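First the structure, in the form of structure tokens, and then the observations on it.
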Amino acid sequence: MNARVETPRGRIVRSEAVVPATMSAAERDALADALLAVYSEIFAGASREFIVEGMVAPNSEFTTILLHRDAEGRIVGYFAIHCFERRFRGVPTIVVRSSVGMLRAYRGRNANIRWALGVLLKQRLRHPGKPMYGMGPMVHPSSYLQVARYVDVFWPRPDEPVPPDMLGFIVELADEFKMRQIDPSRPLIRAGSMPTRESDAERDYWRRCDKPAARFFVAMNPSYGQGDGVVTMFPITASMLAGIASRIVRERAARLVEGTLAAAQRLPLVDRLLRPRAVRRQLQAAPLLAGLAAADLQRLTERATIVALPAGHTLFHAGDAGDEVYVVARGAVAVVAGEELLDQLGAGALFGEIAVLTGGLRKATVRAVIPTTVVRIPGEAVRAVMRRGPLGDALAEVAAARLFDDHLRASGRHRLLGREARTAWARGGRLASLEPGARLRGSDVAFWIVLRGDVLIEQDGARLSAQAPVVIAWTPSTVVVATTSARVLHVPASAQVAEAS
């Protein structure tokens, strides 16, 4: 096995809760400066005034902030909770607002939920006779998804209208808290001043996310990339808090079971009885593998293993030797080159196919974004199935689209094209197999992508040998000859792309 797992590069070593009202003026000033520093790395357009008025010294009955620090003592994340007293349905009501942010390298470890649960429980006990609601503008799909994940009753939500009096209360609070309305026909969408910093790959991940809550959020708030938010409300009751605690326990138990299964695969009885069923279920959830013949699926199942990854752990690095394909069973992984995020993949996604197809080294580093379980399939098993059916073409098209996207991004070509348009362009290509000595030809070619084999390239007076994977920008004077058996993808010229560029 060439894959390796290592310690997370971003580790929270200390978390502490502070109550700004009990701090001196100098301490509050220092806190505001530290929060501004980390806030500016997460969101665009941050100001010190916003930090002071919105987090450190809001006009609230109670405020507490959980601060996460790294080994150097620097704040790398925070969770602020504020309580306000208002009236709803004629009675005094507690409204809880929160603000959360975490640097990317430290995300995915559920560092906030248990603390927040404790704070809310104390506030619930402190106000036993008063209704209590949590509310806030969800400015990113991940925030809204957390609400949907842990809370059973909330508004707005998919396929259920907001009760009229609740809608009026949410709008009233949003106006009071100076959340500017954008469109009267969409009163719960409010203008944001601090868009989350995210890459094309992250935005693409959320656009294609299959979770209903994430799809609902993106459809309702397509301008979230500009900082606009969906004002969301949920009742905070004793049963709701108990439900969150139960969900946390179930999630920890599920991770423990998966980790135990992954570790126990070496035991013959476990391997024979439990692993095949778990692996088959996960492989069938991957779109590229769902249509495999039963015999081919069985072949992969027999050779595959389960790997449990804590959040932040690296599965492999760019430049590593590797001959395995992976399927994300649960969680999400980030595909990075240096510090640049190339892609983010969720459950059902397949990765690692480029090294298996080309016989080369890993093209990028892959690490778990959150606690993640993957299924690892040896390359020899994948290639055996590829020879028997259409899986080879499907994997080649996925690999070609990723290579093409990386090439355009790194070279700066067609800068006006987004990531989705770049990969769609490659998917419109045509696969071909070449014998040694065959010459690439084509009148409508923009690029050739060599996925397997060696080629000789003559271009602009230069002559060089290249080994897959390689992307070749085509010109009328380009000459490409296969020196071994090769597999290539012809990317056609596109008038639409030319106009966009």
Side-chain angles (χ1 to χ4, degrees), residues 1-6 201 279 282-283 286-289 292 296 299-300 303-307 309 313-329 332-338 340-345 348-368 372 374-387 390-410 423 426-427 429 431 433 448-455 465-472 482 484-489:
M1 298 290 181
N2 292 314
R4 58 180 175 176
V5 176
E6 64 178 32
V279 168
Q282 302 303 345
L283 295 185
L288 283 175
L289 305 179
L292 287 179
D296 291 335
R299 181 188 295 267
L300 296 182
R303 298 298 310 280
T305 54
I306 296 171
V307 181
L309 304 172
H313 279 229
T314 297
L315 185 60
F316 55 75
H317 291 267
D320 282 354
D323 192 36
E324 299 90 15
V325 167
Y326 295 85
V327 175
V328 181
V333 299
V335 183
V336 299
E340 182 176 2
L341 180 68
L342 304 181
D343 204 353
Q344 186 163 308
L345 307 172
L350 182 147
F351 64 94
E353 78 291 336
I354 294 176
V356 169
L357 290 173
T358 65
L361 303 178
R362 297 295 186 187
K363 298 290 290 181
T365 296
V366 173
R367 68 172 60 97
T372 297
V374 298
V375 177
R376 178 169 53 201
I377 312 170
E380 60 186 79
V382 175
R383 287 187 289 271
V385 171
M386 286 168 54
R387 290 191 289 269
L391 180 60
D393 284 355
L395 288 179
E397 289 170 356
V398 171
R402 287 175 176 166
L403 289 167
F404 188 63
D405 177 52
D406 291 348
H407 174 79
L408 293 189
R409 174 189 49 77
T423 55
R427 291 192 188 104
L431 289 165
S433 296
W448 285 100
I449 303 175
V450 182
L451 295 166
R452 189 182 69 244
D454 301 342
V455 295
S465 296
Q467 184 180 50
V470 62
V471 179
I472 305 167
T484 66
S485 297
R487 185 73 161 158
V488 299
L489 184 121

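The model shown is predicted, which means the values in this text are computed figures rather than measured ones.
Residues L350 and V398 form no side-chain contact, since every pair of their non-hydrogen atoms from C-beta on lies 4.5 Å or further apart. Between L288 and E353 the shortest side-chain heavy-atom distance does not fall below 4.5 Å. In this structure, K363 and V335 have side chains that are not in contact, with every pair of non-hydrogen atoms separated by 4.5 Å or more. No side-chain heavy atom of L391 sits less than 4.5 Å from a side-chain heavy atom of D296. The shortest distance between side-chain heavy atoms of V382 and L395 falls below 4.5 Å. At least one side-chain heavy atom of L431 sits under 4.5 Å from a side-chain heavy atom of R487. Here the side chains of T305 and E324 are not in contact, with every heavy-atom distance at 4.5 Å or above.
Here the options are V279, L345, L289, the test is side-chain contact (heavy atoms from CB on, under 4.5 Å), and the partner is V327; only L289 passes. For the side-chain contact (heavy atoms from CB on, under 4.5 Å) with P469, the lone residue among L357, I449, I354 that qualifies is I354.
In terms of heavy atoms, L342 sits closest to A337 at CD1-CB, 3.9 Å. Heavy atoms only, all atoms of each residue included: L361 and G319 are closest at CD1-O, 3.5 Å. When all heavy atoms are compared, the tightest approach of A426 to A400 is CB-O, 4.3 Å. The shortest heavy-atom contact between L341 and A334 is CD1-CB, 3.5 Å. Here the closest heavy-atom approach between residue I377 and residue A304 is recorded as CG1-CB, 4.1 Å. In terms of heavy-atom proximity, G379 sits nearest to V356 at CA-CG1, 4.0 Å.
Salt bridge present: R409 and D406 bring a charged side-chain N and a carboxylate O closer than 4.0 Å.
Between the side chain of R362 and the backbone N or O of G352 there is at least one donor-acceptor pair closer than 3.5 Å. At least one donor-acceptor pair closer than 3.5 Å links the side chain of T365 to the backbone N or O of A318. A donor-acceptor pair under 3.5 Å is absent between the side-chain atoms of D393 and the main chain of P390, judged by distance alone. Distance alone, capped at 3.5 Å, places no donor-acceptor pair between the T484 side chain and the G453 backbone.
With sequence neighbours excluded, the residues satisfying ring-ring contact (aromatic ring centres under 6.0 Å, His included) with F404 are W425, F447. The side-chain contact (heavy atoms from CB on, under 4.5 Å) check on A468 picks up T358, V450, with sequence neighbours excluded.
A distance of 10.0 Å separates OG1 of T372 from CG of L315, quoted to the nearest 0.5 Å.
The aromatic rings of Y326 and F316 are tilted relative to each other, their planes meeting at an angle between 30° and 60°.
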